Number of protein chains: 2
Amino acid sequence: MSDRRVKYTKMVIKESFIKSLRQKPISKITVKEICEDADVNRATFYTHYKDQYDLLQQIENEIIEDINRYLKDYDIQDAKVVPLDMIEKITEYVSKNADVFDLLLNLNGDIKFQQEVIKIIGNQFIPIIENEKLNKADAEYIYHFIACGAVGIIQKWMKDGMKKSAREMAEIIFKMSNNGRASFE
Amino acid sequence: MSDRRVKYTKMVIKESFIKSLRQKPISKITVKEICEDADVNRATFYTHYKDQYDLLQQIENEIIEDINRYLKDYDIQDAKVVPLDMIEKITEYVSKNADVFDLLLNLNGDIKFQQEVIKIIGNQFIPIIENEKLNKADAEYIYHFIACGAVGIIQKWMKDGMKKSAREMAEIIFKMSNNGRASFE
DNA sequence: TCGATTTGTCAACACGCTGTTTATTATCTC
DNA sequence: GAGATAATAAACAGCGTGTTGACAAATCGA
């Protein structure tokens, strides 16, 4: 599990793959090409990954796990953190890893990854749902709306070169969500 | 341009392709497979499409053109149509073509197609933007948030089996947008 | 440090899909 | 009906795929 050879191999494969993904869609990327660039034997690739799509999914899963770890740490520090701070944590995380997020959400975006991120953001609003007088079905739609809107402007934020701060973005998201919700009370 | 043979060929190719796309991602679909199912010669496929990805994009473009035609007709009928009615037109259109939308936005969703739909919905709010006292940069973020949120709950609407009416969906979108915006005035 | 184990390399293989070409037949439009 | 256009069938080289077995190199625990 912690064999240096394995770590190195996986690292160079991922690097070469990401490099290719910046230039063309995954459908045009071949295993052969990844391995040549990474200077890794093709047989070695196949011991770790099924194909380039499997590779992408593993990369995405690692990011999702990492975000969750990042948020969990914060959650433990003070249990009753207000959603605004939590949203800021997410926008902060995105800005720190802007390269990868821009790639996976915009340029050669993957809808499955997008949906995972939407889930994570949606979860931040769950504690609020329970304190409201909405029926559950309506509440789900409203919070899904907010989560998708949030991811949407994060995408736009990256496209525009991240000129606003993570805090400013969190504030926009928070304002839109609070007032949007208010209309259903 | 209006040759019956061409129309027929393109039709059966599209049908077979859509059928395959319901069962597996586009990356696992081969040109050979599409042609065998459609009972069309592979050489014929290549006279019309570059590959299966080109085929998908042409299908998506046709849908986008069709939505725009649909909305334009309505726009002409009464020039000052309120956005709520316009949004309802869109949700109506989606419900009429639920099969394809569910496929292209959910099951084997394509992020490019999703972004086109977001653009169309975002455009419905442009007339409102101009009447507001927001600075342009903020306004763009806000309307992008709304458009993404709208597409997001439309996706959820389809996933949940479209139990709400097109009108009800339009109302949720409209409420969320109006009150979200209000907080920035 | 040694030895067993694991990992990566190399070359080779059959396989299937690709994209294009040719000659031929079928169908359409006017 | 005649000329134009489109679809077919068969064949082709080319390329990436996924797997194999023998070998070399690096790692880890004792």
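Note that the structure is a prediction, hence the values are computed from the model and not measured. Letters A, B, ... mirror the listed sequences (proteins, then strands); counts begin at 1.
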Peer 1: Under 4.0 Å between a Lys/Arg side-chain N and an Asp/Glu carboxylate O for B:Arg22 and B:Asp102?
Peer 2: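 No salt bridge links B:Arg22 with B:Asp102.
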
Peer 1: Could you tell me the separation between the OG atom of A:Ser95 and the CH2 atom of A:Trp157, rounded to the nearest 0.5 Å?
Peer 2: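 Answer for the OG-CH2 pair, A:Ser95 versus A:Trp157, is 4.5 Å.
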
Peer 1: Between A:Asp51 and A:Asp54, is there a donor-acceptor pair closer than 3.5 Å when you use the side chain of the first and the backbone of the second?
Peer 2: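 Side chain of A:Asp51 to backbone of A:Asp54: a pair is present.
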
Peer 1: Which heavy atom of B:Thr91 sits nearest to which heavy atom of B:Ala170, and what is that distance?
Peer 2: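 Scanning both residues completely, I find the closest heavy atoms to be OG1-CB, 4.1 Å.
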
Peer 1: Can you tell me if NZ on A:Lys119 sees more than 12 non-hydrogen neighbours from other groups inside 6.0 Å?
Peer 2: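 Result for NZ/A:Lys119: open.
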
Peer 1: Got a list of protein N/O to nucleotides 13-17 of chain C N/O distances below 3.5 Å?
Peer 2:
unit_1 : atom_1 : unit_2  : atom_2 : d
C:dC17 : OP2    : B:Lys32 : NZ     : 2.7

Peer 1: Grab the CG-C1' distance between A:Asp51 and D:dG16 for me, whole Å please.
Peer 2: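 In whole Å, D:dG16 C1' lies 13 Å from A:Asp51 CG.
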
Peer 1: What's the OH-P distance between B:Tyr46 and D:dT8, to the nearest Å?
Peer 2: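 Rounded to whole Å, this separation is 15 Å.
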
Peer 1: CD1 of A:Ile29 versus P of D:dG16: gap in Å, rounded?
Peer 2: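 It works out to 14 Å between those atoms.
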
Peer 1: Round to the nearest Å and state the distance from A:Leu55 atom CG to D:dT17 atom P.
Peer 2: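 It is 13 Å, rounded to the nearest whole Å.
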
Peer 1: What heavy-atom pair brings B:Ile34 and B:Gln52 nearest, and what distance separates the two atoms?
Peer 2: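 Closest approach of B:Ile34 to B:Gln52, heavy atoms only: CD1-CB, 4.2 Å.
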
Peer 1: Using the 3.5 Å cut-off, write out each protein N or O paired with an N or O of nucleotides 20-24 of chain D and the distance between them.
Peer 2:
none

Peer 1: Grab the NZ-C1' distance between A:Lys10 and C:dT6 for me, whole Å please.
Peer 2: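 Distance check: A:Lys10 NZ to C:dT6 C1' gives 14 Å.
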
Peer 1: At under 4.0 Å, does any side-chain N or O of A:His48 touch on OP1 or OP2 of C:dT7?
Peer 2: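 It does not, given that no N or O in the side chain of A:His48 lies less than 4.0 Å from OP1 or OP2 of C:dT7.
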
Peer 1: Rounding to a whole Å, what distance do you find between B:Tyr49:OH and C:dG19:P?
Peer 2: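 From B:Tyr49 OH to C:dG19 P: 16 Å.
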
Peer 1: Applying a strict under-4.5 Å side-chain criterion to I, L, V, M, F, W and Y, I'd like to know whether B:Leu104 and B:Tyr93 cluster together.
Peer 2: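 Same cluster: B:Leu104 reaches B:Tyr93 through Ile, Leu, Val, Met, Phe, Trp or Tyr contacts under 4.5 Å.
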
Peer 1: Starting from P on C:dT18, measure out to OH on B:Tyr53 and report it in whole angstrom.
Peer 2: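 Rounding to the nearest Å, OH of B:Tyr53 and P of C:dT18 are 10 Å apart.
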
Peer 1: A quick test of your reading: do over 12 heavy atoms of other residues, nucleotides or ligands sit less than 6.0 Å from NZ of B:Lys112?
Peer 2: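 No.
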
Peer 1: Figure out the OH/P separation between B:Tyr8 and C:dA26, and round it to whole Å.
Peer 2: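 To the nearest whole Å, that distance equals 17 Å.
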
Peer 1: Can you name the residues that form a salt bridge (charged side-chain N to carboxylate O under 4.0 Å, His left out) with A:Asp160, not counting sequence neighbours?
Peer 2: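 Partners of A:Asp160 under the salt bridge (charged side-chain N to carboxylate O under 4.0 Å, His left out) test: A:Lys156.
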
Peer 1: Side chain of B:Arg4, heavy atoms from C-beta onward: which of C:dT9, D:dT8, C:dT29 has the nearest atom to it?
Peer 2: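 Of C:dT9, D:dT8, C:dT29, C:dT29 is nearest to the side chain of B:Arg4.
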
Peer 1: Can you work out whether B:Thr9 or B:Lys28 has the more 5'-proximal nearest nucleotide on DNA chain D?
Peer 2: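 The residue whose closest nucleotide sits nearer the 5' end is B:Thr9.
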
Peer 1: Please compare B:Glu33 and B:Arg5 by the position of their nearest nucleotide in DNA chain C and report the one closer to 5'.
Peer 2: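 By nearest-heavy-atom nucleotide position, the 5'-most residue is B:Glu33.
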
